[in-house]
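Written out below as structure tokens is the structure these notes cover.
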Amino acid sequence: MQTTPNEIIRTLIKHSIFANINQVVEYEKAALIAQDLGFEPSQTAATNSSATTGNGERQLSASEAMVNARSDEQTISVPPVVTIMGHVDHGKTSLLDTIRKTKVADGEAGGITQHIGAYQVEVNGKKITFLDTPGHEAFTAMRARGAQVAHIAIIVIAADDGVMPQTREAIDHARAAKMPIIIALNKIDRPNANPDHVKQQLADIGLLVEEYGGDTVCVPISAKKNIGIDDLLDYILLVAELQDIRANPNRPATGVIIEAKLEKNSGPLATVLVQQGTLKMGDNILVGTTAGKVRAMFNDRGKRIQKAPPSTPVSIMGLPEVPQAGDQLEVVADERTAKQRAQQEAEKRRNESAPLGQVSLDTLYTQMQEGKVKELNVVLKSDVQGSAEAVKNALSKIGEENMKVRLIREGIGNISETDVHLGAASGAIVIGFNVKTDGAAQREAQKEGVEIRYYDVIYKLIDDIQAALAGMLEPTFQEVIEGHAEVVQIFKAGKTLIAGCRITDGKITRSSQARVLRKDEKVYDGKIASLRRGKDDVREVLTGYECGILLEDYNEVEAGDIIEAYAQERVKAGA
């Protein structure tokens, strides 16, 4: 039907049928919807599932197929895909290098001619695929594009350094992706290594290792001295076995782009992780907004191959453009279909004002009714630990059976780009309690369509979230920073003080609200009473120009102060 699930759900609602994306709808009701959308339905004796038959009709996306694979009779166990994350300098790269050197056959070790961002090793006759992603930021950026690439997360922690801020972030990202976590306790050969201290730190952030009565595996290793690597690989296979990772190799392939680059001689080269089906030479493929054909395939050793089964990373040539990391790859029936679908996807991306999957408190109730949202994900940043605990306890008591509040990350300090990225990937709202947002994070939030809310009173925060869950939230206002001016000199005019300023960024408008920041502390919040250049009153002053600013009811401005101009913009419901 070449339509989107959201359109179907909206049409169902018009007929008072409240079904979510995974529900089965009776033929009579489905026929009504088809007629509304301009089709003439007719019932057949038996209905095939076009998503898995490969008859050239719409296939499931990689993540949908992963879920459906469990009930498919043709599925087989496939190698687990493992991503390695952790704090900088804790030994992620050393661990990957050691595994690669010890587990790749000696004859091939010197033959790894290209780095493709992922590789496979064999342990006791079973394969494991490792993703060589450059940290949790890239991993989250891929998740933000709808790509659930890994099955297991290994968090590397140095035994002599302990849990660091990036370690906590990596754990939060793995939890948000709902992946099993294995802790690799690295550098245990160091004289100042303290594994017990690390385990206690993990317990403090809610990650209990097995010896503390939890279910998280913790393996002591030394990547440099090759200690405990075999144990780690055995545990990966054990966790994978419990997860029962399956895929159907006999259907048209779906997968996800891990990385892509433009080679001087051969053109666009994309690394694909095949998730379902088998990718073969000559397959017509659709990747995001690009259609192409598999003209050459290389495995992680740089050797040409003819086909790639599920959980295999391969480099492919044959795409006309370089795709984005996280784009879904899909094999389609013919070149014409691939080009049509690519065009539709390009148009859809152009028309979308906000990224898919984003949630705001204003639209939450509607999305619940449409079956798109079952829980409200929250990233919380507070000024002090005490506030964080209080807000966390209050949030845990909100919600009902069909709609829960899930805190996917909490932290102390201003809202950063990392928080916004996690919000984008998890469809979360970011809540700041008595904190501000970094400039870069603010720009990223606007670009990604992530809602940031600021509060300084707990009950107001709780009221808003309860109202959103109940569908009663009024449209709100959000703050938009317009510009900053530095006070260079003070002029007296009778009893009033005029601040002689230089605009450092943005612009200052006469109608703006303004706050005075002194050594990053807010000392005034009010309005601009007068804005002048020379003797003239002006409406606005742009970056680089000088002006005189008079603030309403404030006469204590000093040289060196920063005047921040801002406006309150109304946020429309559903915007």
Are the side chain of [X] and the backbone of [Y] linked by a donor-acceptor contact shorter than 3.5 Å?
| X | Y | value |
| --- | --- | --- |
| R518 | E521 | no |
| N377 | I408 | no |
| Y524 | E552 | yes |
| Q201 | V163 | yes |

When you look at [atom1] of [X], are more than 12 heavy atoms from neighbouring residues, nucleotides or ligands closer to it than 6.0 Å?
| X | atom1 | value |
| --- | --- | --- |
| E556 | CD | no |
| Y545 | OH | no |
| D520 | CG | no |

Could you pull out the closest heavy-atom pair between [X] and [Y], with the gap in Å?
| X | Y | answer |
| --- | --- | --- |
| V435 | K381 | CG2-O, 3.5 Å |
| I431 | I415 | C-CD1, 4.4 Å |
| V209 | C218 | CG1-CB, 3.7 Å |
| I157 | G162 | CG2-O, 3.5 Å |

Partner of L329 by side chain to side chain contact (heavy atoms under 4.5 Å, CB included), out of V272, V256, L319: V272
side-chain contact (heavy atoms from CB on, under 4.5 Å) for V487 and V516? Distances and angles first, verdict last. CA-CA 10 Å; V487 180; V516 177; over 6 Å; no
If we ignore angles and hydrogens, is there a donor and acceptor under 3.5 Å between the side chains of S416 and D419? yes
Can you tell me if Y455 and D463 form a side-chain donor-acceptor pair at under 3.5 Å? no
Across all chains, not counting sequence neighbours, the side-chain hydrogen bond (donor to acceptor under 3.5 Å, both in side chains) partners of R190 are D160
Considering only heavy atoms from C-beta outward, does the side chain of [X] approach that of [Y] to under 4.5 Å?
| X | Y | value |
| --- | --- | --- |
| D215 | L208 | no |
| D456 | F433 | no |
| L551 | I528 | yes |

Residues T437, Y454; criterion side-chain contact (heavy atoms from CB on, under 4.5 Å); working and verdict: CA-CA 9 Å; T437 304; Y454 305 94; 2.6 Å; yes
About how many Å separate [atom2] of [Y] and [atom1] of [X], when rounded to the nearest 0.5 Å?
| X | Y | atom1 | atom2 | result |
| --- | --- | --- | --- | --- |
| Q513 | Q568 | CD | CD | 5.5 Å |
| R539 | L531 | CZ | CG | 11.5 Å |
| E417 | D438 | CD | CG | 8.0 Å |
| R453 | I465 | CZ | CD1 | 9.0 Å |
| T83 | I155 | OG1 | CD1 | 8.5 Å |
| L207 | D172 | CG | CG | 10.0 Å |

Report all side-chain donor-acceptor pairs from residues 499-509 shorter than 3.5 Å, counting only partners two or more places apart or in another chain.
| residue | atom | partner | partner atom | Å |
| --- | --- | --- | --- | --- |
| R502 | NH2 | E546 | OE2 | 3.2 |
| T504 | OG1 | H484 | O | 3.1 |
| D505 | OD1 | H484 | ND1 | 3.2 |
| D505 | OD2 | H484 | ND1 | 3.2 |

Could you give me the CA-CA distance, side-chain angles and deciding distance for E169 and R409, then say whether salt bridge (Lys or Arg N to Asp or Glu O under 4.0 Å) is met? CA-CA 8 Å; E169 280 176 14; R409 172 160 168 68; 3.7 Å; yes
Acceptor/donor pairs from residues 193-200 side chains to any protein atom, 3.5 angstrom cut, sequence neighbours excluded:
| residue | atom | partner | partner atom | Å |
| --- | --- | --- | --- | --- |
| N194 | OD1 | H197 | N | 3.2 |
| K199 | NZ | E211 | OE1 | 3.0 |
| K199 | NZ | E211 | OE2 | 3.0 |
| Q200 | NE2 | D204 | OD1 | 3.2 |

Check the pair Y566, V480 against side-chain contact (heavy atoms from CB on, under 4.5 Å), reporting the backbone distance first and the verdict last. CA-CA 6 Å; Y566 66 96; V480 176; over 6 Å; no
Can you check salt bridge (Lys or Arg N to Asp or Glu O under 4.0 Å) on K436 and E564, steps first, answer last? CA-CA 13 Å; K436 294 189 292 185; E564 185 174 70; 5.9 Å; no
Are D464 and K460 close enough, and set up right, to give a salt bridge (Lys or Arg N to Asp or Glu O under 4.0 Å), and what steps lead you there? CA-CA 6 Å; D464 274 6; K460 179 76 181 99; 2.9 Å; yes
With side-chain contact (heavy atoms from CB on, under 4.5 Å) as the test, would you mind laying out the steps for I221 and I188 before giving the verdict? CA-CA 6 Å; I221 62 163; I188 54 150; 5.8 Å; no
